[in-house]
Amino acid sequence: MLVMASLQLTPGVFALFYHYALGQFSKAKASYLSLFFILGAEIITTCLYLSIFYLTCIFFFDNLHPETTILFWAIAGILIALGIVSFFFYFRRGSGTKLFIPRKYAKALDLSAKSVKTRSDAFMLGALAGTCELIFTLPLYIVTCIEIMRMGSEGFASNFLTVLYILTPVIPLFFIRWKYQSGLNLADIQKSRTHDKVFTRFILAFSYILIAVLIICFRTIYQ
Amino acid sequence: MKDFDETEIIKDLKIDARAVGIPEGAAESFIERTMKDAKKSLKNRSVITEKDLSRVILKELKKYNADLAYVYENRDKII
């Protein structure tokens with residue numbers, strides 16, 4: 001959840017989108033459109049999560065160990081790789097918070113954020129931003145789905161965790177929205193993002209590697 | 001090589017200015033002055049790169065509003 005809340009692509013696109021919306025429409029309309037962006041990001045997170053849960057059920061249910069220990073090693077390896085990648089390459093070198101995505105796509109996202117006019121545009125942009133981060137979220141979805149499946153999908157704890165997991169990625173968006181509504185602007189938000197850049201990198205890398213270590217300890221070595 | 005599209009730059013600056021909370025009249029006035037000064041300092045050059053143009057506009061914007069200048073400077077560095 002910490003990783004999901006620390007990822008920067010959707011909040012970055014949202015900050016840009018809200019900025020352009022404030023520049024083109026009234027505050028009320030910008031605020032209204034922002035809800036559809038958040039809804040888009042939330043719906044795509046839910047769809048991706050539930051699809052992966054379903055696929056995990058089909059492929060791995062009742063077959064998790066000992067046959068699939070190799071699966072956990074593979075996931076742990078991917079998470080360690082993501083930890084290293086997120087520390088060194090999640091943010092590009094230089095000032096600002098340029099992210100890992102190719103510059104062409106970053107420009108396209110920027111243009112899309114600028115050209116949002118309707119609720120459906122805002123919704124689609126939110127969904128697109130959520131999808132672009134899939135490379136960093138997919139292994140986490142798989143790990144979470146497996147763990148929740150092992151807890152038993154009927155229990156309160158597993159359902160509560162699922163809801164919490166689905167809601168976590170949009171918390172930073174509500175936070176940015178609140179910042180804009182309380183009078184801050186893109187310059188203030190970007191300054192704080194730049195200030196927290198090193199910390200974000202560290203948290204991402206640490207969390208990925210910690211999850212990998214926990215998987216190695218509890219799902220492979222001690223089984 | 002492409003032509004320098006002043007109206008596009010002014011349009012973008014106006015959006016940024018409104019978004020950072022600068023009143024429309026004030027924004028229009030200092031964006032106009034910024035563009036005028038930028039053109040003046042680049043008038044002796046036959047070829048201007050985008051970097052040159054951004055640097056000059058940024059230098060002028062810094063005189064009027066720090067937030068707008070910051071947004072302009074970081075416009076490609078947010079995502």
Side-chain angles (χ1 to χ4, degrees), chain A residues 7-27 30 90-116 125 128-129 132-133 176 180 182-194 197, chain B residues 1-38 48-79:
Chain A
L7 292 170
Q8 289 294 311
L9 184 59
T10 314
V13 176
F14 182 69
L16 266 177
F17 151 76
Y18 208 116
H19 170 78
Y20 290 134
L22 279 175
Q24 296 177 85
F25 312 114
S26 65
K27 278 185 183 174
Y90 190 73
F91 291 106
R92 285 170 186 260
R93 278 165 193 261
S95 60
T97 52
K98 276 189 199 172
L99 296 172
F100 60 94
I101 51 168
R103 291 299 84 199
K104 221 176 169 181
Y105 296 127
K107 271 199 174 159
L109 280 172
D110 184 88
L111 270 177
S112 310
K114 200 182 280 183
S115 56
V116 168
L125 184 65
L128 182 66
C132 286
E133 221 150 31
I176 291 173
Y180 271 116
S182 56
L184 298 181
N185 57 40
L186 183 63
D188 302 312
I189 290 166
Q190 183 57 16
K191 276 175 198 164
S192 73
R193 288 182 74 221
T194 309
K197 194 167 109 175
Chain B
M1 200 187 303
K2 61 179 181 183
D3 288 341
F4 159 59
D5 189 357
E6 191 182 342
T7 49
E8 195 61 36
I9 296 173
I10 292 175
K11 192 180 149 199
D12 287 348
L13 283 175
K14 277 184 185 170
I15 291 174
D16 288 339
R18 194 177 163 198
V20 296
I22 302 166
E24 216 161 308
E28 258 178 41
S29 143
F30 74 66
I31 288 169
E32 198 180 297
R33 270 184 283 162
T34 299
M35 295 310 291
K36 211 168 125 186
D37 293 342
I48 307 162
T49 63
E50 267 187 57
K51 238 181 183 174
D52 292 334
L53 188 63
S54 301
R55 188 171 33 80
V56 173
I57 292 175
L58 179 65
K59 195 178 145 200
E60 296 300 327
L61 281 178
K62 274 182 179 167
K63 294 178 192 167
Y64 302 108
N65 188 291
D67 278 353
L68 182 58
Y70 186 85
V71 169
Y72 184 77
E73 188 180 10
N74 285 278
R75 67 197 186 286
D76 296 329
K77 299 174 189 167
I78 291 167
I79 49 172

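We use all heavy atoms of the structure for the numbers below, so side chains are in, but hydrogens, waters and symmetry mates are not. A, B, ... follow the sequence lines: proteins, then strands. Residue 1 opens every chain.
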Problem - Flag if over 12 foreign heavy atoms under 6.0 Å of CD, B/E6 - result: yes

Handout entry: NZ (A/K27) with more than 12 external heavy atoms under 6.0 Å
Key = no

Practice task
Identify which part of B/D16 has an atom lying under 4.5 Å from any heavy atom of chain A, answering side chain, backbone, both or neither.
Solution key: both

Exercise for the section: Can you sort out the partners of A/K114 under salt bridge (Lys or Arg N to Asp or Glu O under 4.0 Å), two or more places apart, ordered by chain and number? Expected result: B/D12

Handout entry: Contacts of type salt bridge (Lys or Arg N to Asp or Glu O under 4.0 Å), residue B/D52, not counting sequence neighbours
Key = B/R45, B/R55

Practice task
Report yes if some heavy atom in the side chain of A/L109 is under 4.5 Å from a heavy atom in the side chain of A/Y105; otherwise report no.
Solution key: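 Counting from C-beta outward, A/L109 and A/Y105 never come under 4.5 Å.
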
Practice task
Report yes if the side chains of A/V13 and B/I78 come closer than 4.5 Å at any heavy-atom pair, otherwise no.
Solution key: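 Result no, sub-4.5 Å side-chain heavy-atom pair not found.
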
Handout entry: Non-neighbouring partners of A/Y180 that pass ring pair (Phe, Tyr, Trp, His ring centres under 6.0 Å), sequence neighbours left out
Key =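 For A/Y180 the ring pair (Phe, Tyr, Trp, His ring centres under 6.0 Å) partners, ignoring immediate neighbours, are A/Y18.
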
Non-hydrogen atoms of chain B under 4.5 Å away: do they reach the side chain of [X], the backbone, both or neither?
X      : value
A/L9   : both
A/T194 : side chain
A/F14  : neither
A/R92  : neither

Exercise for the section: Answer yes or no for B/R75 and B/Y72: cation-pi contact, defined as NZ/CZ to six-membered ring centre under 6.0 Å and angle to ring axis within 45°. Expected result: yes

Exercise for the section: Residue by residue, scan residues 63-71 of chain B and write down, ordered by number, those that have a heavy-atom distance under 4.5 Å to chain A; if none do, write 'none'. Expected result: B/D67, B/Y70, B/V71

Handout entry: Option in A/I189, A/D188, A/T97, A/L22 with maximal non-hydrogen atom pairs under 4.5 Å from chain B
Key =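 Option with the greatest count: A/T97.
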
Problem - Flag, side chain of B/S29 to backbone of B/G25, donor-acceptor distance under 3.5 Å - result: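 No; zero donor-acceptor contacts below 3.5 Å.
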
